[in-house]
Amino acid sequence: MFAYAASLLAQVTLEPFNRPAIDWHAVAPELVLLAAGALITIIDLVGLERVRKLMPTLTSFAFLAALIPVLTLWSQEDELPRSLFDGAYVVDRYSLVLKGLFLLTGYVIALLSTNYMSEGDYYDSEFYQLIAASILGMLVMSSSRDLISIFVALELISIPAYLMAAWRKRDLRSNEAGLKYMLMGVFASAILLYGMSLLYGLAGSTKLVDIAAALSIGESKPLITLAIVFSVIGFGFKVSAVPFHTWAPDTYEGAPTPLTAFLAVASKAAGFVALMNVVIVAFPGQSDVVEPLMAVLAGVTMTVGNLIALRQTNLVRMLAYSGVAQAGYIMAPLAVYGTNVDRVPSAMVTYLVIYAAMNLGAFAVVIIAARKTGSAEISSYGGMFGYAPGLTLAMTMFLFSLAGIPPAGGWWAKFELFRVLTDGNRYLGIMLAIVLAVNSVIAAVYYLNITRQMWFLPTPDGDTSRIVTPPALQVALALTLLVTIVSGILPGLVSDISGSLQLALP
Amino acid sequence: MVDAIVFIVSAIIILGGAVGVIFNQNPVHAALSLIASFFGVAVLFILQEVHFLALVQVVVYGGAVVVLFLFVIMLLGVEEIERFDDEPIPGQRAAALIGSVLLLGVILAGLFLSGPGGNRGAVALTGKPSQMVPLTTDPNVVQLANDLFTRNVFAFEATGLLLTIATVGAVVLVKNRGGEDLVVDEPGTSVR
C-alpha cells in the first residue's frame with residue numbers, strides 16, 4: 001500500500017515553483033486600499049457601535065492614502081509604463097489618471113454617505129467596506145489588459161453595488177432596485193462570458209494583445225463579429241447603453257441616493273474603462289465591425305435617454321436618464337477609433353473626469369435639498385433661490401456644465417468629443433457629431449427647466465426656512481464645484497493631465 | 001469513436017438537465033436536473049483529461065452548491081408550487097422563445113460560416129484535434145497551480161476579496177432588525 005503510494009508520488013516530479021516577479025510599487029495603490037479596507041473591517045469587528053461614527057472618516061482617509069502611491073508612480077514618469085504578469089497588468093499614465101479619478105470619486109461618495117447613512121437606520125460600517133471594495137475593483141480594471149482580470153474586476157465592482165442597491169432593506173423600491181440590478185447584471189455577465197470564451201477560443205490566450213494578434217490574421221470573420229458583439233453587449237449593460245438601460249431608472253430611484261451617485265459616476269466610468277481597454281487593445285484591426293456598432297449604440301443611447309429624460313418629474317430619475325444620454329456621448333469617440341486611436345482615450349477620459357465632478361455635484365445638491373424637503377420631485381425645488389441662494393448657484397453651475405454651457409466644465413468635455421468626431425472628415429464621425437449637437441439642445445431644455453424652477457417659480461409649500469448643510473456635504477460640494485468651474489475656465493489644466501493619453505502596449 | 005459517443009451522451013444529459021431546470025414546476029426536481037447537467041459537464045472534463053476539474057465539478061457544483069440550493073428550497077417550503085402561468089407582459093413567453101431561437105440561429109450560423117477552407121464549424125474556433133498540443137505534461141493540479149499563482153495571481157487574490165465582501169454584504173442584507181415597511185419619496189433625514 002505504502003509502496004504503491006510512494007511509487008505514485010515518485011511519478012510526480014515537482015518543478016521548483018518560480019515566484020512571479022512583482023513590481024510592488026506598481027500595485028501599491030491597490031495594496032494600500034486593500035490593507036486599509038481590511039483594517040476598517042477589523043476595527044469595525046472589534047469596536048462595533050463605538051466606532052460606527054468613525055467609519056466614514058476612516059474610509060475617506062483610506063481613499064486619500066491610496067492616492068499617495070498613484071502620485072509617486074506619476075512622478076516617476078520615465079519608468080512608465082510598468083508591466084506586470086507578462087503584460088496582463090499595465091500601469092501607464094492612462095491607468096494612473098483613472099485610478100486618481102476613481103479614488104477621488106470614492107472620497108466624495110464617502111463624504112456624501114456620511115450623514116445619509118448615520119441618520120438613517122442603516123448598517124453603515126459595512127456600507128463603507130463595500131464601497132472600498134468596489135473602488136478597488138475599479139483600480140484593478142484601469143490596469144487590466146487580460147480577459148480574466150477584466151472579468152474579475154468587473155464582478156468586484158458589481159457585486160458590492162448589487163448589495164448596496166438593496167441597502168434600504170425596509171423600502172420595497174430598494175429591494176426591487178437591488179434585485180433588478182443583480183438579475184440584469186448577472187445576465188450581462190453571462191453574455192460577456194460567452195463573448196470572452198469565443199475570443200479565448202479564437203486566440204488561445206486571454207491576454208488582449210495576443211487576442212489582437214490572433215484576430216488580425218483570423219479568417220473566421222463571422223465568429224469574430226459574434227465575439228465582439230457579445231463582449232460589447234456585456235459592457236453595454238454596465239454603462240447603461242440603450243437598449244440595455246432598462247435597469248437604470250428603477251435602480252437609481254430605489255437605491256440609497258449616495259449609491260445612486262456612485263452607480264451613475266464610478267460604476268459607469270469603470271464600464272467605459274473596460275470597453276476602452278478591450279476595444280482599443282484587443283480589437284485594433286476590427287474597426288469595420290466595432291465602429292458601426294458603437295455609432296449605432298451611441299446615437300440611439302443619447303437620443304432615447306434624452307427624450308425620456310424630458311418627461312421625468314423626479315430629479316433622481318431625470319438624472320438617471322440624463323446619465324443614459326451622457327453614456328451615449330462618452331461612447332461616441334469609439335465610433336471613429338479606427339482612424340483616430342491616438343485621441344480617443346484622452347477625449348473619453350477628459351469627459352469622464354468632468355462628468356464625474358458635475359454629476360457628483362448634482363447628486364450632492366439632491367442629497368442636501370432632500371434633507372429639508374424630503375423629496376426629489378422637481379417641483380419641490382421651486383423658489384430655492386429665495387432661501388438657499390448658494391445651493392441654487394452651485395446647482396445652476398452643475399446643470400450648465402451637464403448641458404455644456406460655458407463657463408462650467410461640460411463645454412470643454414463636449415468640445416473634445418466634437419474635435420475627435422470631426423477629425424479626419426469621416427462620414428460616421430460627422431453624422432454622430434450632428435446627432436450629438438441636436439441632443440445637446442434637447443438636453444439643455446430639461447437641465448434649464450430645473451434652473452427655472454429654482455430661480456423663478458414660487459416655493460410649493462411656502463416653507464422657506466434655511467437648509468442646514470453638514471460639513472461633510474459642504475466639502476463634497478466645494479470639491480465638485482471647484483473641479484467643474486476650474487475645468488471650464490482653465491481647460492488647459494485638465495488637458496495637461498488627461499491630454500495625449502495612450503493605452504501603453506506591454 | 002468512443003470519444004464521440006461519450007460526448008454525444010453527455011451533451012444530451014447536459015442539455016436535458018438544463019431544459020429540466022427551466023421546465024420543472026417543482027423546484028426540487030429543477031435542482032435535481034441541475035445535478036444531472038453538472039455531472040454531464042464533469043464527464044466532458046474527463047474526456048478532455050482534466051481530471052482535477054472534473055472532481056471539483058462533482059464535489060463543489062454537483063455536491064455543495066446544489067445541496068445548498070436544496071436546503072434553501074426546503075427551508076422556504078416547497079409544498080406550495082407556485083404557478084407562473086400569468087404573463088405580466090402580454091406575449092412575453094412567445095417573444096422569449098422566438099428570441100432564443102433567433103439567438104441560437106445566429107450563433108450556429110456564426111460557427112458554420114467561419115473558418116478557412118474545410119475547417120468550418122467548431123473546428124474554426126479551436127483548430128483540428130490533430131493540430132492540438134498539450135500545454136505541458138505536468139499533472140493537472142500542478143498546471144492549475146502554476147497558472148493561478150504566477151500569471152493570474154492578482155485576479156486570484158481579487159476573487160478572494162470578492163468572496164469575502166460578498167459574504168459581508170449578504171449577512172447584512174439578511175439580518176432583520178424588524179420594523180415597518182418604509183414608504184417615503186426621497187430618503188434623507190426622514191428615514192428612520
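The structure presented is a predicted model; accordingly, all values stated were derived computationally and were not measured. In what follows, chains are A, B, ... by sequence order, proteins preceding strands, each numbered from 1.
The distance from atom CG of B:L161 to atom CG of A:L33, rounded to the nearest 0.5 Å, is 9.0 Å. Taking CG from A:L34 and CD from B:E157, the interatomic distance works out to 8.5 Å, rounded to the nearest 0.5 Å.
Residue A:E155 comes nearest to B:L162 through the heavy atom pair O-CD1, 3.6 Å, listed as atom of the first residue, atom of the second, then distance. The two atoms that bring A:S149 and B:A155 nearest to each other are CA-CB, 4.2 Å, heavy atoms only. Nearest heavy-atom pair across B:G110 and A:P222 is O-CB, 3.7 Å. Between B:F154 and A:V27, the shortest heavy-atom distance links the atoms CE1-CG1, 3.7 Å.
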Side-chain polar contacts of residues 34-60 of chain B - donor-acceptor pairs under 3.5 angstrom, sequence neighbours left out - could you list them?
| residue | atom | partner | partner atom | Å |
| --- | --- | --- | --- | --- |
| B:S37 | OG | B:I14 | O | 3.2 |
| B:Q57 | NE2 | B:F38 | O | 3.4 |

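Using a 4.5 Å cut-off between heavy atoms, B:F156 makes no contact with chain A at all. Within the 4.5 angstrom heavy-atom criterion, only side-chain atoms of A:F230, from C-beta onward, approach chain B. Proximity to chain B (any heavy atom under 4.5 Å) is restricted, for A:L226, to the side chain, taken from C-beta onward. Proximity to chain B is limited to the side chain of A:L136, based on heavy atoms less than 4.5 angstrom apart. At a 4.5 Å heavy-atom cutoff, A:F151 makes no contact with chain B through either its backbone or its side chain. Contacts between B:L103 and chain A at a heavy-atom distance below 4.5 Å involve the side chain alone, from C-beta outward. Neither the backbone nor the side chain of A:N115 comes within contact range of chain B; no heavy atoms are under 4.5 Å apart. Contact of A:S380 with chain B is not made at all, since no heavy-atom distance falls under 4.5 Å.
Here the side chains of B:V172 and A:Q129 are not in contact, with every heavy-atom distance at 4.5 Å or above.
The most heavy-atom pairs under 4.5 Å with chain B, out of A:V140, A:T225, A:L163, come from A:L163. For the options B:T164, B:I107, B:V171, B:V168, heavy-atom pairs under 4.5 Å to chain A are most numerous at B:I107.
Under the side chain to side chain contact (heavy atoms under 4.5 Å, CB included) rule, B:T159 has a single partner from A:I148, A:L156, A:V152, which is A:V152.
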